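Only one structure is covered here, and it is reproduced in the block below.
What you see is a predicted model; the values in this text were computed from it and never measured. Within every chain, numbering begins at 1; the chains are lettered A, B, ... in the order of the sequence lines, protein sequences first and strands thereafter.
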Amino acid sequence: MRFLRYFRRRIIYVIPQFFGVLIIIFMIVRLVPGDPARLMAGSLVSPEGVEIVRERMGLTGPLYLQFWKYLKNVFQGDLGKSWFTGNQVIDDIVAKLPATMELIILALIITIAILVPIALKSISEGNSFIKKLSGKSLFIYGLTAGCFPDFWLGLILILVFFAKLGWIPAPVGQLPIGITCASITGVVLIDSLLTANWLAFIEHLKLLILPVFVLVFVYGSGIMKVTLVTATSVQKSDFIRFAKNCGLPAKKVSSYVKRATYPATVTMTALMLGFLIGGAVLVENVFSWGGIGQYAVRAVTNMDYTAIQGVVLVAALINIIIYILVDIVYFIVDPRIEQLG
Amino acid sequence: MEVLRVENLYKLFPLKKRNLKVHAVSGIDFSIKSNETLGMVGESGCGKTTVGRCVVRLIEPTSGKIIFLGEDVTKLPEKKFRKFRPKAQIVFQEPYDALNPRKVVRQIIQAPLISEKRLNKKKSLERVVEVLKMVELTEKYLNKYPIQLTQGEQQRVGIARAISTKPKLIILDEPTSLLDIRFRAETIVLLKRLQKETGVSYLFISHDLVVISQLSHRISVMYLGRIVEEGSCDLVFNNPMHPYTKALFAATLFPDPDQKKPEFILKGEVPSPINLPDDRCNLAPRCPLAESYCSKGLPKLEELEPNHFVACFKAKSSSKKT
Amino acid sequence: MSNEILTVENLNTYSPGSIEGKPIKILDKINLVINEEDILGLVGETGSGKTVLINSIGRNLRSPLYVDAKKLFFYKDSEDINLMTKNQDDMRLIWGRGIGFIPPNAKDILNPILTVGQQFANIVIAHSKLSKNEARDKVIESFRDVNMPAPERNFDSYPHTLSGGMAQRVIISIALFLSPKLLLADEPTMGLDVTIQKQVLDILYKLIKKIKSSVILATRDMGIVANYCSKVGVLCNGQLVEFSDKREFFNNYKHPYSKYLLEASFSSHGKLIERDLKLFKSKEVVEMKTDVGCRFANRCYLAKKECQLINPPEVSIGLNHYIRCHRSEDL
């Protein structure tokens with residue numbers, strides 16, 4: 001019941017958020033210097049031809065009409081046509097987004113499944129070897145993680161593990177040249193399993209290692225650090241001390257610590273997700289991954305306006321959805337939130 | 001001479017949600033003569049602090065009259081009210097928070113002198129030294145920062161600042177509650193002496209009956225924004241008539257293992273002051289002496305013995321019998 | 001003696017570092033004995049070390065403070081437990097049923113993410129073999145024992161929604177459920193309104209008598225000591241300067257600091273005797289926390305040179321009544 005009240009208010013905010021995004025995207029094309037219609041049409045087209053292109057791009061007529069047409073299109077799922085690929089932008093995005101999400105989600109899963117527990121273990125009670133090991137490794141990791149830009153790390157790793165050692169196959173994308181996989185969901189990891197294409201599955205795994213590692217290494221550190229710092233301060237807090245004073249067993253106390261740390265981890269994960277979408281752009285380019293990131297870079301270098309618009313819109317939408325999900329998780333995890341809402 | 005008269009003071013704080021209002025103060029009347037201390041006692045949420053702040057218009061009253069030194073100052077615009085400010089000062093509860101941490105003692109005490117009385121620098125410095133002596137601090141303290149002082153010294157600076165403009169009335173808002181035991185007594189002693197020397201009046205607001213009894217000539221007991229009992233200090237202490245006053249006394253712990261006090265217990269907790277009904281006694285739900293007529297109207301303050309006013313139907317009917 | 005619960009002998013609590021080569025001693029040579037059903041009122045000003053003493057006895061000190069004692073024995077179920085040899089894991093077994101805590105500021109020490117009922121139920125389950133539902137019933141019953149309004153509804157309340165008095169009642173009901181042999185209560189009613197304070201103390205007192213716990217109650221309020229305690233210990237800046245039965249204390253206190261505290265608490269029938277208060281210097285002097293001297297010497301009107309330099313000895317005044325003072329003959 002409390003939840004519905006909170007949720008209803010939260011959802012209402014989405015409308016102005018999304019609207020704001022649309023306005024900004026709409027303005028991007030019209031504020032950029034140069035003539036988009038001419039660029040789209042090419043230098044060989046006559047002025048009349050450029051005007052036709054301009055009309056098709058929706059850049060003619062009074063501004064409010066343009067915006068209205070734009071809105072109509074967006075809500076019908078029409079994001080325009082990419083002049084570079086020749087496809088509808090929406091089709092391009094739908095085809096390429098899964099690959100990007102694969103990287104991002106895998107990176108997050110590994111961070112949450114591995115880094116976060118290591119962080120929690122390193123500050124747990126007792127003096128076990130694992131605790132000491134995790135503490136030391138996290139310390140070194142914490143120091144170094146912030147120093148490496150993602151694309152640089154990717155390149156170095158390719159140099160070492162592919163060029164020098166040959167342990168990793170050539171970074172040509174999601175699959176090596178010559179191996180194909182049917183496209184059902186767009187995520188090779190899943191599709192290869194669905195079609196029992198074991199060769200593709202194995203090869204894809206090998207190619208996943210480096211890009212996911214880079215993302216985890218660079219972006220996971222923030223999540224890990226926040227978890228570590230929060231857990232440490234929770235451990236010292238008065239209510240944990242009192243819980244021990246009431247004779248609660250160590251396991252229970254440690255579950256209290258974890259539960260009190262999760263809100264911070266969740267927040268940081270949400271923030272990191274925004275950065276990860278940006279990070280995917282760079283990593284995809286280094287590894288030729290063929291997801292939205294690469295698409296976006298290509299769109300920008302080729303001044304493919306409609307594609308740029310489409311990608312920005314989708315990225316913004318993903319962010320909005322993520323923040324709503326985070327707020328929901330937060331609400332479940334920390335009952336004090338209703339007061340702030 | 002009457003320094004302050006407050007008539008029918010109301011203060012309501014609106015809440016964001018719906019049409020709810022917090023009834024902080026509901027119809028308070030009182031007056032203070034010169035050289036007199038009125039003690040206002042009650043627990044948290046009774047509105048006593050709000051009353052104190054309304055009197056000096058730190059908070060604007062919702063309705064009612066504040067008559068200061070014979071003039072109605074309730075609605076005076078700030079420009080005209082300014083000339084009254086030096087005459088009514090306030091000392092706060094938290095000694096450290098009330099002082100600007102980035103200024104030294106000299107500047108803190110000089111501030112009201114320069115802004116309100118517009119004394120020049122030389123004259124104001126003389127007054128600062130004079131006032132410091134009155135609160136038993138030496139010139140050594142002139143250039144100290146609040147953080148370098150003990151709690152007791154901080155509170156003395158607050159008091160010094162208040163008396164620097166030669167006020168006729170000082171609102172003391174729980175001046176000793178947050179002080180450590182050792183500073184409490186000396187602050188009370190100081191306040192007593194200052195009143196003797198300067199004839200200033202005090203509105204002493206506190207939740208502590210023992211502390212209030214040290215200085216007050218008269219006492220008002222407040223509950224949920226209303227005065228439920230009022231009278232000379234001796235009368236109220238020796239013969240508390242309102243059930244709430246009785247409960248306060250019964251709950252006050254004196255450092256005497258042999259003190260015999262009648263048990264008087266109120267059920268439950270203080271209700272919320274949001275949208276308080278004004279057609280029945282607000283204590284009735286908790287009162288062990290409540291009768292059916294207690295929910296049929298709001299009791300008003302009546303003089304049940306000379307100089308002793310009580311707002312309680314039960315007390316009134318009991319006193320009629322004697 | 002056969003009904004001793006706690007023996008403290010020569011307990012010192014240190015803070016790391018040193019002043020002029022001497023270690024920093026927050027508590028200096030504390031000796032006391034608690035018997036069955038004693039309620040010791042540990043009284044002193046802010047900073048006198050009451051909380052540190054309670055946490056030292058309960059082996060609950062936060063590092064870097066550390067404690068050292070010749071004897072710190074706790075007697076439970078005819079077993080002598082030397083608390084000095086116990087580390088945190090050992091203390092986990094003693095905390096709860098053996099030694100219980102009532103810390104001040106109830107709202108801060110309750111888990112903010114769980115409802116008060118859930119956390120209390122967790123404690124019940126940890127100490128008994130009850131099921132979740134049985135634990136819930138036990139919690140609601142305990143809430144009733146402390147006059148908590150609307151017990152079932154408050155089971156599902158979060159700590160931040162409760163008032164100070166209600167939160168404190170939750171803490172007390174937890175402590176009483178655990179029924180510890182020794183209850184360490186640190187200013188359990190600080191910040192509460194006076195009528196709520198009385199409610200809370202009355203409930204606490206009634207239930208302590210029922211479970212026959214021994215209590216150390218730290219407070220700044222002489223009134224609480226006079227009305228609820230059976231023994232009095234006066235703590236001055238880390239030294240226990242007077243210790244006796246309550247009645248003996250109020251009729252026959254001897255130490256100058258005790259006199260000062262009583263005067264400052266308006267104990268003479270609620271009126272202040274200014275002449276007596278003037279005896280004590282109120283000017284603030286640096287409080288030494290090293291090994292030397294009496295810690296009240298700076299403010300004491302009877303202080304002589306030796307008071308500043310030599311640790312005051314323990315002097316017995318009467319039955320179960322001792323003070324720490326050099327000038328005992330002149331009192």
Side-chain angles (χ1 to χ4, degrees), chain A residues 1-6 120 123-128 131 226-227 230-267 326-341, chain C residues 51 54-55 58-63 87-116 118-128 156-161 167 170-171 173-180 183-184 186:
Chain A
M1 202 35 237
R2 271 163 58 227
F3 177 70
L4 285 175
R5 225 189 309 149
Y6 171 76
L120 290 173
I123 50 116
S124 64
E125 303 279 322
N127 267 319
S128 66
K131 175 184 166 175
V226 162
T227 306
T230 309
T232 310
S233 94
V234 165
Q235 269 229 322
K236 295 203 192 117
S237 66
D238 287 334
F239 74 88
I240 292 292
R241 197 175 180 216
F242 182 65
K244 292 185 198 167
N245 288 151
C246 289
L248 279 180
K251 256 178 146 186
K252 195 73 184 165
V253 173
S254 124
S255 90
Y256 279 9
V257 171
K258 287 189 190 144
R259 279 185 76 164
T261 313
Y262 289 153
T265 309
V266 166
T267 315
V326 165
D327 278 343
I328 294 176
V329 171
Y330 224 106
F331 185 84
I332 296 170
V333 156
D334 189 344
R336 291 171 288 185
I337 287 307
E338 59 171 335
Q339 275 192 331
L340 310 169
Chain C
T51 303
I54 278 188
N55 285 323
R59 301 291 273 125
N60 196 27
L61 284 174
R62 274 200 206 279
S63 71
N87 61 21
Q88 260 229 353
D89 289 323
D90 302 323
M91 286 310 295
R92 278 255 177 82
L93 302 167
I94 301 176
W95 286 335
R97 295 270 190 208
I99 297 182
F101 290 85
I102 297 182
N105 299 324
K107 279 170 98 159
D108 295 335
I109 55 163
L110 287 168
N111 191 333
I113 312 184
L114 296 176
T115 64
V116 294
Q118 279 172 320
Q119 32 190 306
F120 194 166
N122 286 342
I123 297 174
V124 171
I125 293 171
H127 286 275
S128 66
D156 297 317
S157 299
Y158 287 95
H160 66 271
T161 63
V170 171
I171 302 290
S173 64
I174 291 175
L176 295 167
F177 160 77
L178 293 168
S179 298
L183 181 61
L184 301 172
D186 190 355

Residue N87(C) versus chain A: region with a heavy atom under 4.5 Å: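 For N87(C), there is no contact with chain A at all, as no heavy atom is under 4.5 Å.
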
Can you name the nearest heavy-atom pair linking C246(A) to I174(C), along with the distance?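 Answer, listing the atom of C246(A) first, then I174(C): SG-CG2, 4.0 Å.
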
Any idea which heavy atoms bring F242(A) and F101(C) closest together, and the distance?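 For F242(A) versus F101(C), the nearest heavy atoms are CE1-O, 3.8 Å.
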
Hey, mind stepping through K252(A) and I125(C) against side chain to side chain contact (heavy atoms under 4.5 Å, CB included) and telling me if it holds? CA-CA 11 Å; K252(A) 195 73 184 165; I125(C) 293 171; over 6 Å; no

Could you check whether any side-chain N or O of R62(C) sits under 3.5 Å from a backbone N or O of K236(A), counting only pairs where one atom can act as donor and the other as acceptor?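 Pair found, side chain donor or acceptor close to backbone of K236(A).
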
Close side-chain approach of Y262(A) and I113(C), heavy atoms under 4.5 Å: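 Side-chain contact under 4.5 Å: no.
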
For the interface with chain C, which of I240(A), L248(A), N245(A) has the highest count of heavy-atom pairs at distances below 4.5 Å?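 Result: the option with the highest number of such pairs is N245(A).
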
Distance, nearest 0.5 Å, that separates CG of D238(A) from CG of N111(C):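 Result: 12.0 Å between the selected atoms.
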
So with a 6.0 Å cut-off around CZ of R259(A), is the heavy-atom count from everything else above 12?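 No - once you tally the heavy atoms of other residues, nucleotides and ligands closer than 6.0 Å, there are 12 at most.
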
Measuring heavy-atom distances to chain C, does A243(A) have an atom under 4.5 Å in its side chain, in its backbone, in both, or in neither?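 Contact with chain C involves no heavy atom of A243(A) at all.
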
